Student: 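Right, I'll just put the structure down here and ask away after.
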Amino acid sequence: MLSSLSNCSTSIYLHFPHVGDNFYIMNHLNQIRVRFAPSPTGYLHVGGLRTALYNYLFARKNNGVFVLRIEDTDRARYVEGAVENLIDTLNWCGLEYDEGPNKEGEYGPYIQSERLKIYHEHTERLIQTGNAYNCFCTAERIEKLREEQQKRNEQTKYDKHCLKLSKEEIQSKLNEGIPHVVRLNVTIDQKVIVDDIIRGRVEFDSNLIDDQVLIKSDGFPTYHLANVVDDHLMKISHVIRGEEWLPSTPKHVLLYKAFSWDLPIFAHLPLLFNPDKSKLSKRQGDVAVEDYRAKGYLKESLVNFVALLGWNPGTEQEIFSLEGLVNSFSLESVNKSGAVFNIEKLNAFNFEHLRLKNDKDVLAILKELLGKSKYANHTWSDESLLLIIEAMRPRISFVKEIIENSPYFFEAPSTYDEEVLKKRWKDDSSQQLEKLIDEFSKLTNPVKEQYEEALHNAANALEISNGKLIHGVRLAVSGVGGGPGLYDMLFILGKDETIRRIRTAIERMK
RNA sequence: GGCGCUAUCGUCUAACGGUUCAGGACGCUGCCCUCUCAAGGCGGUAAUACGGGUUCGAUUCCCGUUAGCGCUACCA
């Protein structure tokens, strides 16, 4: 496919800074510096989280620096409060950056809209060296050009029309204040090589690369210019980003070349997909980290799950803390192929991480949820909430399920599950439970074993099996057929409440 | 259309040419345990897209086909 290029007059063989098997030993940079460079569109996409995470892990693993840079060069997409939200979400995930907004390092500012002067100075250099030029073409002309090219089934690209303008013409147009952009002057017939840690060597034909706009007519740089200038100035050693950037990387390579700058090392991450393998999008479920946070996912599970989408430690371990991920992570073991974001597995991770959490943390979450629930006016002692947590933890994947699945710990049942009623409540149930109430009444401050003993006594006296009583009590006390062990439930509810609920049930079954 | 990337169970993945009738996890499912629901234990289900090479030997290397995805903006 590249045979037509075999007689190219020039080839760019770019500096490929790897030594032996170790990509990380670099000649020109002695410090690992990576960046996460989102555009503030309002929320953190889970794909963005994965990119941020890999950058973070790589930095931490290699004693490097993790930079957060805000790419807000598209004024049309500006969203109020997006940067604050982004930082908040990143912090919630535990991905603390070393340099960035509100945490200035040597290479700031870290918000691109505050770096306009830098981009213009660099663009001026490019124009002077002939690597870029002013373009005064109207949107209409470009549109028409594109249409014609499409009609002829040609590659759609700018025709370098304004490159032919004389110095005088340019100056006079500039003086007239005619709107213009600055374009990259891509030389033809070159082979542009991108070396990527994950994908190996990828070659591009420069004839297929458009004279990319570098500075828009509003004076803001495009991503292509800004990211190259900033990555260089911020001494970024490794550019770790999504695969959607791979096709425009040759443009970036050409820019580095035009500036006579060394290349960073590239690593293009595989994409995340919807269940139908299309690019992960809002239409098919939640894509914002904030959504998962709101739904009660633990940051530990989200981070752990997302880490394993495209990377694995080479062992069979799946459950990791953030520290564990740092220790095991390497860019070489990142996969090439995209991965489906599978909620079921995320849920399973939440289940696992929920049981790894200590009681105190779960208690804090539960109290927060209760405060936002219909039980906001009630208060429970930490002691009893801890007992509820202990009873429910093996049965849930989310803390909120304690409230959803076992409301009977917080209020008496108002209805009884019909199916269970049919199956477990017989004609003689009421009478049997009366006997049980007698036994329970004899107890003072009973512990769970005493409930068991009392129930046993009642069953013996009635000459029935324990099971007969147990199911009836469970239903009377909880309204449902499932849940923690009966005696645990009774102990948590307490003697008085237990008896009250059994009485209510007997009354209502009449 | 052009360019590029990718291709192992439904999904996430392991296997870095040969201890593989392809391993683990999620899901689904059977049994055990059990006062229920879970959890847990022990099983089961299910994959190398297709076709050519290279090789004594290909999931693994090469080529092609097919499919999926990405990019093709004065968006990132």
Side-chain angles (χ1 to χ4, degrees), chain A residues 1 37-41 71-74 76-77 135 137 139 142 146 149-150 152-157 179-183 194 196 198-199 202-205 208-210 212-224 226-227 241-250 268 270-271 273 275-279 305 308-319 332-333 335-349 351 355 392-396 405-406 420 423-424 452 455 465-475 478 480-487 489:
Chain A
M1 104 199 69
S39 66
T41 52
E71 311 233 328
D72 60 344
T73 55
D74 183 3
R77 289 219 279 175
C135 170
C137 289
I142 303 289
R146 217 194 313 270
Q149 287 167 332
Q150 271 168 353
R152 276 176 274 144
N153 250 335
E154 283 172 17
Q155 179 78 14
T156 53
K157 54 183 271 197
H180 65 285
V181 300
V182 177
R183 288 180 181 275
V194 174
D196 186 285
I198 296 166
R199 280 148 222 291
V202 186
E203 301 186 356
F204 297 86
D205 175 357
L208 267 16
I209 300 172
D210 201 0
Q212 186 64 48
V213 170
L214 266 18
I215 297 283
K216 297 180 262 188
S217 56
D218 65 3
F220 277 68
T222 57
Y223 169 85
H224 306 287
N227 103 83
R241 75 225 307 190
E243 194 196 319
E244 70 266 29
W245 293 109
L246 189 55
S248 49
T249 305
H268 287 94
L271 263 16
F273 296 135
D276 70 353
K277 299 244 181 187
S278 57
K279 191 179 176 184
F305 171 65
L308 259 20
L309 253 26
W311 169 85
N312 75 83
T315 67
E316 289 188 346
Q317 185 181 353
E318 290 207 311
I319 301 301
E332 288 92 339
S333 44
N335 298 116
K336 295 189 196 28
S337 50
V340 172
F341 189 92
N342 179 244
I343 301 276
E344 307 242 290
K345 189 137 184 175
L346 206 210
N347 291 341
F349 273 98
F351 174 89
R355 60 224 48 217
M392 289 303 291
R393 206 204 281 249
R395 301 175 158 72
I396 54 169
N405 298 359
S406 57
V420 182
K423 193 174 169 193
R424 305 289 192 195
E452 185 167 4
L455 185 137
S465 69
N466 290 349
K468 281 255 185 230
L469 276 175
I470 286 173
H471 294 297
V473 187
R474 176 181 292 285
L475 182 64
S478 73
V480 293
L486 180 71
Y487 310 115
M489 284 175 60

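Please read these numbers as outputs of a predicted model, since none were measured by experiment. Note: hydrogens, waters and symmetry copies are ignored here, and every other heavy atom, side chains too, is used. Proteins come first, then strands; the chains are lettered A, B, ... in the order of their sequence lines, and each starts at number 1.
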Student: Give me, pair by pair, the N or O atoms of the protein and of nucleotides 58-62 of chain B that are less than 3.5 Å apart, along with how far apart they are.
Tutor:
none

Student: Would you say A/S217's side chain and A/P179's backbone share a donor-acceptor pair under 3.5 angstrom?
Tutor: no
Student: Base, sugar-phosphate alone, or nothing: which one does A/F220 contact when heavy atoms must sit under 4.0 Å apart?
Tutor: nothing
Student: Each nucleotide in nucleotides 30-40 of chain B should get exactly one letter: B, S or -. Can you fill that in based on protein heavy atoms under 4.0 Å?
Tutor: -----BBBBS-
Student: I'd like the P distance from B/rU54 over to B/rU60, given in whole Å.
Tutor: 15 Å
Student: Below 3.5 Å between N/O atoms, which protein atoms pair up with nucleotides 44-48 of chain B? Just atom names and distances, please.
Tutor:
none

Student: Sticking with atom P, work out how far B/rG2 lies from B/rC9, rounded to a whole angstrom.
Tutor: 29 Å
Student: Could you give the distance separating B/rC28 and B/rU66 at their C1' atoms, to the nearest angstrom?
Tutor: 30 Å
Student: State whether the number of non-hydrogen atoms from other residues, nucleotides or ligands found under 6.0 Å of A/K468 atom NZ is greater than 12.
Tutor: no
Student: Do A/L486 and A/R474 make a side-chain contact, defined as non-hydrogen atoms from C-beta onward lying under 4.5 Å apart?
Tutor: yes
Student: In the strands shown, is B/rU6 matched to any nucleotide by a Watson-Crick or G-U wobble pair with both distances under 3.5 Å, and which?
Tutor: B/rA67
Student: I want to check one thing: is the phosphate of B/rU13, taken as OP1 and OP2, less than 4.0 Å away from some side-chain N or O of A/N312?
Tutor: no
Student: What is the separation between atom CD on A/E316 and atom P on B/rG24, rounded to the nearest whole Å?
Tutor: 7 Å
Student: Whole angstrom is fine here: how far is it from CG in A/L208 over to C1' in B/rG4?
Tutor: 10 Å
Student: Return the nearest nucleotide to the side chain of A/L271; candidates are B/rU11, B/rG70, B/rU72.
Tutor: B/rG70
Student: Any sub-3.5 Å donor-acceptor pair from A/Q150's side-chain atoms to A/T156's backbone N or O?
Tutor: no
Student: Which value, in whole Å, describes the distance between the C1' atoms of nucleotides B/rA47 and B/rA15?
Tutor: 13 Å
Student: Partners of A/Y223 by ring-ring contact (aromatic ring centres under 6.0 Å, His included), sequence neighbours excluded?
Tutor: A/W245, A/H252
Student: Please list each protein N or O that sits under 3.5 Å from an N or O in nucleotides 74-76 of chain B, with the distance.
Tutor:
{"residue": "B/rC74", "atom": "O2", "partner": "A/S217", "partner atom": "N", "Å": "2.8"}
{"residue": "B/rC74", "atom": "O2", "partner": "A/S217", "partner atom": "OG", "Å": "2.7"}
{"residue": "B/rC74", "atom": "N3", "partner": "A/S217", "partner atom": "OG", "Å": "3.0"}
{"residue": "B/rC75", "atom": "OP2", "partner": "A/K216", "partner atom": "NZ", "Å": "3.0"}
{"residue": "B/rC75", "atom": "O2'", "partner": "A/D74", "partner atom": "OD2", "Å": "2.7"}
{"residue": "B/rC75", "atom": "O2'", "partner": "A/R77", "partner atom": "NE", "Å": "3.3"}
{"residue": "B/rC75", "atom": "O2'", "partner": "A/R77", "partner atom": "NH2", "Å": "3.3"}
{"residue": "B/rC75", "atom": "O2", "partner": "A/R77", "partner atom": "NH2", "Å": "3.2"}
{"residue": "B/rA76", "atom": "OP1", "partner": "A/T73", "partner atom": "OG1", "Å": "2.8"}
{"residue": "B/rA76", "atom": "OP1", "partner": "A/K216", "partner atom": "NZ", "Å": "2.7"}
{"residue": "B/rA76", "atom": "OP2", "partner": "A/Y223", "partner atom": "N", "Å": "3.2"}
{"residue": "B/rA76", "atom": "O4'", "partner": "A/R77", "partner atom": "NH2", "Å": "3.4"}
{"residue": "B/rA76", "atom": "O3'", "partner": "A/E71", "partner atom": "OE1", "Å": "3.4"}
{"residue": "B/rA76", "atom": "O2'", "partner": "A/S39", "partner atom": "OG", "Å": "3.1"}

Student: Tell me the closest heavy-atom pair linking A/Q155 and A/L208, and the distance in Å.
Tutor: NE2-O, 3.6 Å
Student: Would you say the side chain of A/K345 and the base of B/rA25 hold a donor-acceptor pair, judged only by whether the two atoms sit under 3.5 Å apart?
Tutor: yes
Student: Starting at CZ of A/F349 and ending at C1' of B/rU11, how long is that distance when rounded to a whole Å?
Tutor: 12 Å
Student: When the P atoms of B/rU48 and B/rA22 are compared, how many Å lie between them, rounded to an integer?
Tutor: 10 Å
Student: Which heavy atom in A/R393 sits nearest to a heavy atom in A/R355, and how many Å separate them?
Tutor: O-NH2, 2.8 Å
Student: How many whole angstroms separate atom CZ of A/F273 from atom C1' of B/rG10?
Tutor: 16 Å
Student: Between A/R199 and A/P247, name the one whose nearest nucleotide on RNA chain B is closer to the 5' end.
Tutor: A/R199
Student: For B/rA73, take OP1 and OP2 only and decide whether either is under 4.0 Å from a side-chain N or O of A/T156.
Tutor: yes
Student: Are the side chains of A/I470 and A/Y487 in touch, meaning some heavy atoms are under 4.5 Å apart?
Tutor: yes
Student: Considering only the C1' atoms, how many Å lie between B/rA39 and B/rA58, rounded to the nearest integer?
Tutor: 43 Å
Student: Paired with B/rC56: which nucleotide, if any, by Watson-Crick or G-U wobble criteria at under 3.5 Å for both distances?
Tutor: B/rG18
Student: What is the pairing partner of B/rG43, taking Watson-Crick or G-U wobble pairs with both distances under 3.5 Å in any strand?
Tutor: B/rU29
Student: Between B/rA25 and B/rG51, how far is it from one P atom to the other, in whole Å?
Tutor: 31 Å
Student: Begin from the C-alpha positions of A/V420 and A/V480 and carry the test side chain to side chain contact (heavy atoms under 4.5 Å, CB included) through to its verdict.
Tutor: CA-CA 7 Å; A/V420 182; A/V480 293; 5.9 Å; no
Student: Does a side-chain N or O of A/N335 approach OP1 or OP2 of B/rA14 to a distance below 4.0 Å, or not?
Tutor: yes
Student: Would you mind reading off the distance between A/Q149 atom CD and B/rC3 atom C1', rounded to a whole angstrom?
Tutor: 15 Å
Student: Can you give me the closest heavy-atom contact between A/S39 and A/E71, atom names plus distance?
Tutor: CB-O, 3.1 Å
Student: Minimum heavy-atom separation for A/P394 to A/F351, with atom names?
Tutor: O-CE1, 4.1 Å
Student: Could you give the NE2-to-P distance, from A/H268 to B/rC71, as a whole number of Å?
Tutor: 12 Å
Student: Provide the closest heavy-atom pair for A/F204 versus A/L246 in the form atom of the first, atom of the second, distance.
Tutor: CZ-O, 3.8 Å
Student: Can you tell me the distance, in whole Å, between the CD atom of A/E318 and the P atom of B/rA14?
Tutor: 11 Å
Student: Is a side-chain donor-acceptor pair under 3.5 Å present for A/N335 with A/S337?
Tutor: no
Student: What distance, rounded to whole Å, do you find between the two C1' atoms, one in B/rA46 and one in B/rU8?
Tutor: 12 Å
Student: Taking salt bridge (charged side-chain N to carboxylate O under 4.0 Å, His left out) as the definition, give me every residue that meets it alongside A/R241, ordered by chain and number, with sequence neighbours left out.
Tutor: none
Student: Can you measure A/L346 atom CG to B/rA25 atom P for me and round it to whole angstrom units?
Tutor: 19 Å
Student: How far apart are the C-alpha atoms of A/R199 and A/E243, what are their side-chain angles, what is the distance that settles it, and do they pass the side chain to side chain contact (heavy atoms under 4.5 Å, CB included) test?
Tutor: CA-CA 10 Å; A/R199 280 148 222 291; A/E243 194 196 319; 3.6 Å; yes
Student: For a quick test of reading the model, state the closest non-hydrogen atom pair linking A/P270 to A/K336 and the distance between them.
Tutor: CB-O, 3.5 Å
